[in-house]
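All remarks here apply to the structure that follows.
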2 protein chains.
Amino acid sequence: MEKLLIRNQLCFKFYAFSRHITTLYKPLLAELGLTYPQYLVMLVLWEKEQTTVKVLGEQLMLDSGTLTPLLKRLAQKGLLNRSRSTTDERVVEISLTTEGRKIKQKASCIPDQLMQAVNTESSDLPQLHAILSKMIDQIQE
Amino acid sequence: MEKLLIRNQLCFKFYAFSRHITTLYKPLLAELGLTYPQYLVMLVLWEKEQTTVKVLGEQLMLDSGTLTPLLKRLAQKGLLNRSRSTTDERVVEISLTTEGRKIKQKASCIPDQLMQAVNTESSDLPQLHAILSKMIDQIQE
DNA sequence: TAAAATTAAATTTTGCACAATTTAATTTTA
DNA sequence: TAAAATTAAATTGTGCAAAATTTAATTTTA
C-alpha cells in the first residue's frame with residue numbers, strides 16, 4: 001500500500017514538473033505571443049517550412065482534435081498558412097509564412113534562457129536526455 | 001540555432017512523456033471512474049482523510065481554479081465531502097467518504113500495473129526518482 | 001469498377017490548467 | 001478598533017488534450 005503514497009509516485013513527478021516547465025516558458029513565449037504547444041509547432045516549422053497536420057501530429061504526438069484549433073490560431077496570427085493539398089484533398093498542408101520565419105530570430109535565445117530557469121544540475125542533463133529518449137522511443141514503436 | 005531543433009528539447013520530452021503516462025493510466029482508472037488528476041486527489045485523501053483545498057493545492061501544485069470544479073465532480077461521485085470550516089469560513093475542508101475509502105482497495109494494484117505499462121528499464125528508476133525529486137524540491141523553495 | 005475499408009481533418013464533448021478577477025472572511029497595523 | 005492588507009475559494013475566460021463521432025476523399029478488394 002506504500003506505493004499509493006503520493007511522494008513515491010514517479011508519474012506525479014513527471015506530471016508536476018512538466019506543468020512547471022510550461023510556466024517557466026510562459027514569460028519567454030509571451031514576447032512572441034505564443035503558448036507552449038504553439039511554440040512546439042513553430043519549432044517543427046522552423047526545421048521544415050512545409051508539412052501536414054498528420055506529420056505534425058506524429059512529431060508532437062497530438063491529434064487533429066488538438067491541432068486543428070491550435071493551427072487556426074497560429075494562422076490567425078499570420079505565422080502559418082493552412083491549405084488543402086491539391087493532390088490529396090484529405091490532407092491539410094501547413095506552411096511557414098514570412099512573418100513566421102521572422103520570429104525565429106527572436107526565439108533563438110529561448111532554449112538557453114529556459115534551461116537556465118529550469119536550473120537542473122547540468123551533470124544530470126545527459127542522463128535525463130538519455131533516459132527520456134529511450135522511454136519516448138518505446139512509445140513510438 | 002541547433003538548440004531550436006525539437007529532438008534536442010528536453011522540455012518537449014517531459015511534455016510528451018507526461019501526456020503518455022496519462023493515457024496509460026486511463027484504462028486502469030476507468031474501472032474506478034476517475035481521471036488522473038482526480039486519482040491524485042484520492043491518493044492524498046487515502047493518506048490523510050481530511051484536508052483543505054489550500055493544502056491539497058500545495059501538495060498537487062494546483063490552484064483553486066482547477067481544484068474547485070474537480071472536487072465538485074468527486075463530491076458528485078460520492079467520494080468526498082466539501083464543507084466550509086466553522087472556525088475559518090474562508091477555508092473549505094475536504095474529507096473522504098466511506099465510499100471513497102472503499103475504492104482504495106481497488107486502486108492498490110494500479111501503481112504496479114502502471115509501472116509495468118510504462119516499461120521503464122528498472123535500472124533507470126532510482127536515477128529518475130532522484131533527479132526529478134531534486135528538481136521538484138527546487139520549485140517549492 | 002462498384003462496394004468496402006481506410007485515411008485525414010474536423011467537430012463535439014468533457015475535463016483539466018492557469019491567469020486574472022471577484023467575493024468574503026480574517027489579520028494586521030496605524 | 002476601524003481601515004488596510006492579506007488570505008482562501010470561487011468565478012470567468014482562454015487554450016489545450018483526448019475520446020468519440022462525422023465528413024469527405026482515397027485506396028483496397030471482391
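By convention in this document, chain letters (A, B, ...) are assigned in the order of the sequence lines, proteins followed by strands, and residues within each chain are numbered from 1. Below, all heavy atoms of this structure are taken into account, side chains as well, without hydrogens, waters or symmetry copies.
Heavy-atom distances under 4.0 Å link DNA chain C to no residue of residues 19-26 of chain B.
Identified under the side chain to side chain donor-acceptor pair (under 3.5 Å) test for residues 31-41 of chain B, with sequence neighbours left out: none. The side chain to side chain donor-acceptor pair (under 3.5 Å) contacts involving residues 9-29 of chain B comprise A:Q9-B:Y25, A:Y25-B:Q9, A:H129-B:K13, A:S133-B:K13, where partners must be two or more places apart or lie in separate chains. Applying the side chain to side chain donor-acceptor pair (under 3.5 Å) test to pairs two or more places apart or on separate chains, those with a residue in residues 77-91 of chain B are B:S85-B:T87, B:D88-B:R90.
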(message) Generate the contact string for nucleotides 3-16 of chain C. Rules: B means base contact, S means sugar-phosphate contact only, - means no protein heavy atom under 4.0 Å.
(response) ----BSBBB---SS

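For A:K102, the salt bridge (charged side-chain N to carboxylate O under 4.0 Å, His left out) criterion is met by A:E99, not counting sequence neighbours. In this structure A:K3 satisfies the side-chain contact (heavy atoms from CB on, under 4.5 Å) test together with B:P111, B:D112, sequence neighbours excluded. For B:D63, there are no salt bridge (charged side-chain N to carboxylate O under 4.0 Å, His left out) partners, not counting sequence neighbours.
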Extract all donor-acceptor atom pairs below 3.5 Å that involve side chains of residues 42-55 of chain A and protein atoms in other chains or at least two apart in sequence.
from, atom 1, to, atom 2, distance (Å)
A:W46, NE1, A:G100, O, 2.9
A:E47, OE2, B:I6, N, 2.7
A:K48, NZ, A:Q50, O, 3.1
A:E49, OE1, A:R101, NE, 3.1
A:E49, OE1, A:R101, NH2, 2.8
A:E49, OE2, A:R101, NE, 2.8
A:Q50, NE2, A:E93, OE1, 3.3
A:T52, OG1, A:V55, N, 3.1
A:K54, NZ, A:E58, OE2, 2.9

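Note on A:T87: only backbone sugar-phosphate atoms sit closer than 4.0 angstrom, heavy atoms only; bases stay farther off. Within the 4.0 angstrom heavy-atom criterion, no nucleotide atom of any strand lies near B:S18.
DNA chain D forms stems at C:1-30 with D:1-30, each a run of 3 or more consecutive Watson-Crick or G-U wobble pairs whose two key distances fall under 3.5 Å.
Contact check for A:I103 versus A:L34: side-chain heavy atoms found under the 4.5 Å cut-off.
To the nearest 0.5 Å, the span separating CG on A:L74 from CG on A:L80 amounts to 5.0 Å.
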